[in-house]
Amino acid sequence: MNKVTRVQSKTMVMPGSDIDTDQIIPARFLTTTTRKGLGNALFADWRYDAAGKPKPDFLLNRPEAAGCGILVAGNNFGCGSSREHAPWALLDFGIHAVISTEIADIFRGNSLKNGLVPVIVDKVTHGWLIENPGVEVTIDVAACELHLPDGRAVSFPIDGFSKYCLLNGVDQLGYLLDHADAITHYEHTRPWKP
Amino acid sequence: MSGKSLFQKVWDDHIVVAETADTPAVLYIDLHLTHEVTTPEAFSVLRSRGLRIRRPDLTLATLDHSTPTVPVTSLKDLDVVSEPAAAAQIRVMIENCHEYDIELFGFDSDARGIVHVIGPELGITQPGKTIVCGDSHTSTHGAFGALAFGIGTTEVGHVLASQCLLQRRPKTLAIHVDGQLGPGVTAKDIILAIIGRIGVGGGTGHVIEYRGSAIRSLDMEQRMTICNMSIEGGARAGMIAPDDTTFQYLQNRPMAPQGAAWDAAVARWRNLPSDPDATFDREVAIDANQLTPMVTYGTNPGMVVPIGDPVPAAANASARKALDYMGVTENKPMLGMPVDVVFIGSCTNSRLSDLRLAADLMRGQKVAKSVRMLVVPGSEQVKRAAEEEGLHEVFRAAGAEWREAGCSMCIGMNGDTAGRGELCVSTSNRNFEGRQGSGARTVLASPLTAAASAIAGQIADPRPLLRQLRDVS
Ligand code: SF4
């Protein structure tokens, strides 16, 4: 995983709540065996018409979306399935952070493991961001702060370990494998065996 | 100090390294279930890093998500009926299992099926275990008092390589369901009512324990229906304390402990239920006496109403969008809305008792002319058992299609889809936009409501039909 210390970009806004992983990437695109190119399938059912042509009025197809690396989304973003294809598709498209008032558990975990920063903010900040699409904001991972254009800094929660992994590009498998001795010890000493 | 909850007992029992303020716990995983869709990248990572699988003996594989539901007995058949990408994905899974020595319940196995149906059937889903799978409905296995939750592909790689996961301890939510269900009201209606109450994000960050007299009186298949949809309430896991119903279900299953090991296991399992003085971070109570058949009206499972109640007016833009997508009129009930497709299947409602419920209602009846109906058993075992009872004949005689086991129209990954604009009454778990095919509209319901709607050609309450049947007999 690459190091992620800050994300600085314009925002694009999808105000709808409960945007689920079937919208982020519909299941028919999951028959792949690699994560490459999934950005093309991002929000496919909202983005393309039945003939596969881009719908001009959908956010991702509009000129102002170009170069936006931060998605501001409605409450409970990423609910639904465990498909890691969802953060893969967002990253492949060029989105490096999602800001919402709530982000679903599995999606959030998957995002952190791939360097997509989940940012949970209060309702007031969220409301302002929804009302003001296209503003330039900065996410400072080390400080756990979202910097707004008026200079205000809003803090957001990330557990220390995930933050450490983002900042240092640490992939968690390496960390787990460092505990091989403890795992072996557990296997040998547990009172019952599965 | 207060007592421990079921969740806390299973969690504590699997801590390899305790969590600290700075680091998550290393949690040991007793059973890793895998399937073709969420594993290929995980195997690629293992391969590129030269890692072995730590415990292939605690890993089990099946083919379900992108498999066709028309008969396939060999890989040659697969190329004929499957689209190339889905066929390739299945091939990769078979090769990976072979290379890494993982037991695969594939096309040649009479135990193949939806991953959450076969684990319990084989008896490898057991109380007190930690169980994971790259699929969010892994919560199903919690019906046995296991701690079971869905993981992403990166985590699939973690478990393959280390048999462990890095986890923060979640919060606990107790949901008490007391009272007695009326006729025609099922476990599916309980869980839909719960999701309606807590909302699709209501369980985020929590593990649910379902408790109370209504839960205790459910059989294992209905308990699985409840736990299955925990994730639709935002909770990664839902659990039910093991009891005699659980033990009876498991006894003599092929992968359950046998003989003296069985007795020891049951003795251990009897200690798992939450202590009387256990506390939970949150509690919610539901009165089972008040429940009726439930149907969803929107595009997430929290948008749900009792079948005769009017659809609530849209409170915001998202709700408005959902109603428009569904073509639903606010302030009117869903009852009577024309239906194009009926799907009975999925890891929520594709077990023998689900099929029996539907078949009992459909015996001697016809699926309405305007309706296409698909019945897809959850596993090859369910299929055989249903056929032994002649259920397939009941469905076929009524005009429904009887298919091979798989996820089928729950996810629409291999041919089984509803068309653009079609309304599908489905026993599955997700009514997201396009879940059952681009532009398809899904109404979630119980097998009884689905069967009644198939006959009526419109969304129908199963209770009048049930009463008729009772009066006749
Ligand atoms: S039946 Fe549906 S929800 Fe269940 S595992 Fe298959 S695709 Fe997932």
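Computed over heavy atoms, backbone and side chain alike; hydrogens, waters and symmetry mates excluded. The sequence lines fix the lettering, A, B, ..., with proteins before strands; numbering per chain opens at 1.
Considering only heavy-atom pairs separated by less than 4.5 Å from chain B, the leading option among A:Pro87, A:Gly80, A:Ala182 is A:Gly80. Counting heavy-atom pairs under 4.5 Å between each of B:Val37, B:Thr38, B:Ile124 and chain A puts B:Val37 at the top. Top candidate by heavy-atom pairs under 4.5 Å with chain B, chosen from A:Ile106, A:Asp45, A:Asp20, A:Asp171, is A:Asp20. If you tally non-hydrogen atom pairs under 4.5 Å between each of A:Ala86, A:Pro15, A:Gly160, A:Ser17 and chain B, the highest count goes to A:Ser17. Most heavy-atom pairs under 4.5 Å with chain A, from the set B:His158, B:His65, B:Gln163: that is B:His158. Between chain A and the residues B:Gly434, B:Ala261, B:Ser438, the largest count of heavy-atom pairs under 4.5 Å involves B:Ser438. Highest contact tally toward chain A, considering only B:Ala87, B:Ser66, B:Gly205, is held by B:Gly205 [criterion: heavy-atom pairs under 4.5 Å]. Of the listed residues B:Glu155, B:Glu232, B:His137, the one with more heavy-atom pairs under 4.5 angstrom with chain A than any other is B:Glu155. Across B:Leu165, B:Thr138, B:Val17, B:Asp57, the residue that shares the most heavy-atom pairs under 4.5 angstrom with chain A is B:Val17.
Around atom NZ of A:Lys53, no more than 12 heavy atoms belonging to other residues, nucleotides or ligands sit under 6.0 Å away. Dense packing is recorded around NZ of A:Lys55, with more than 12 heavy atoms of other residues, nucleotides or ligands lying under 6.0 Å away. By the neighbour-count criterion of 12 heavy atoms within 6.0 Å, atom CG of A:Asp150 is densely surrounded, having more than that number from other residues, nucleotides or ligands. Residue A:Tyr164 qualifies as open at atom OH: its count of foreign heavy atoms under 6.0 Å is 12 or below.
Of all non-hydrogen atoms in B:Thr153 and A:Glu84, the two that sit nearest each other are N-OE1, 2.6 Å. Across every non-hydrogen atom of A:Leu176 and B:Cys164, the tightest pair is CD1-O, 3.6 Å. Closest heavy-atom contact between A:Pro194 and B:Lys129: CB-CE, 4.3 Å. For the pair B:Val16 and A:Tyr186, the tightest heavy-atom approach, listed with the atom from each and the gap, is CG2-CG, 3.7 Å. The two residues A:Ser81 and B:Ser136 have their closest heavy-atom pair at CA-OG, 3.5 Å. Residues A:Glu102 and B:Thr204 share a closest heavy-atom pair of OE2-OG1, 3.0 Å.
Neither the backbone nor the side chain of A:Thr189 has a heavy atom closer than 4.5 Å to any heavy atom of chain B. In this structure, chain A has heavy atoms under 4.5 Å from both the backbone and the side chain of B:Ser162. Neither the backbone nor the side chain of A:Phe29 comes within less than 4.5 Å of any heavy atom in chain B. Using a 4.5 Å cut-off between heavy atoms, B:Asp13 touches chain A through backbone and side chain atoms alike. Contact of A:Leu173 with chain B is made through backbone and side chain together, with heavy-atom distances under 4.5 Å. Heavy atoms closer than 4.5 Å to chain A are found in both the backbone and the side chain of B:Val200. Proximity to chain A (any heavy atom under 4.5 Å) is shown, for B:Ala161, by both the backbone and the side chain. Neither the backbone nor the side chain of B:Ile90 comes within contact range of chain A; no heavy atoms are under 4.5 Å apart. No part of A:His185 comes within reach of chain B, as not one of its non-hydrogen atoms sits under 4.5 angstrom from that chain. Of the two parts of B:Val26, only the side chain, counted from C-beta on, holds a non-hydrogen atom closer than 4.5 Å to a non-hydrogen atom of chain A. With a threshold of 4.5 angstrom between heavy atoms, A:Ile19 does not approach chain B through any atom at all. When heavy atoms are compared at a cutoff of 4.5 Å, B:Ile411 approaches chain A by way of both its backbone and its side chain. Of the atoms belonging to A:Phe161, heavy atoms from both backbone and side chain fall under 4.5 Å from chain B. For a residue to count as touching a neighbouring chain, one of its non-hydrogen atoms must lie under 4.5 Å from one of that chain's; by this rule B:Ile151 touches chain A with the backbone only.
Of the residues listed (A:Asn110, A:Leu112, A:Asn114), the one engaging B:Thr154 in a side-chain contact (heavy atoms from CB on, under 4.5 Å) is A:Asn114, and it is the only one.
Classification of A:Lys36 and B:Glu41 as a salt-bridged pair fails, no side-chain N sitting under 4.0 Å from a carboxylate O. Using a 4.0 Å cut-off between charged nitrogen and carboxylate oxygen, B:Arg435 and A:Asp22 count as a salt-bridge pair. Ionic pairing of A:Arg190 and B:Asp30 is present here: one or more N-O contacts between side-chain nitrogen and carboxylate oxygen are shorter than 4.0 angstrom. Using a 4.0 Å cut-off between charged side-chain N and carboxylate O, B:Arg168 and A:Asp105 make no salt bridge.
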_Under the criterion side-chain hydrogen bond (donor to acceptor under 3.5 Å, both in side chains), I'd like the reasoning laid out for B:Arg430 against A:Thr21: C-alpha separation, chi angles, the key distance, then a yes or no._
CA-CA 11 Å; B:Arg430 287 190 174 140; A:Thr21 51; 5.5 Å; no
_Show, in sequence, the C-alpha distance, side-chain angles and deciding distance for A:Thr31 and B:Glu36, and conclude whether the side chain to side chain contact (heavy atoms under 4.5 Å, CB included) test is met._
CA-CA 9 Å; A:Thr31 51; B:Glu36 74 276 22; over 6 Å; no
_Pair A:Asp18, B:Phe432 - check side chain to side chain contact (heavy atoms under 4.5 Å, CB included), show working._
CA-CA 10 Å; A:Asp18 305 313; B:Phe432 298 151; over 6 Å; no
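Taking CG of A:Leu177 as the start and CG of B:Leu51 as the end, the distance is 6.0 Å to the nearest 0.5 Å.
With hydrogens and angles ignored, the 3.5 Å screen pairs a side-chain donor or acceptor of A:Gln23 with a backbone N or O of B:Glu433. A donor-acceptor pair is defined here as one N or O able to donate and one able to accept, closer than 3.5 Å; such a pair exists between the side chain of B:Gln89 and the backbone of A:Leu30.
Donor-acceptor pairing under 3.5 Å is lacking for the side chains of A:Ser82 and B:Asp135.
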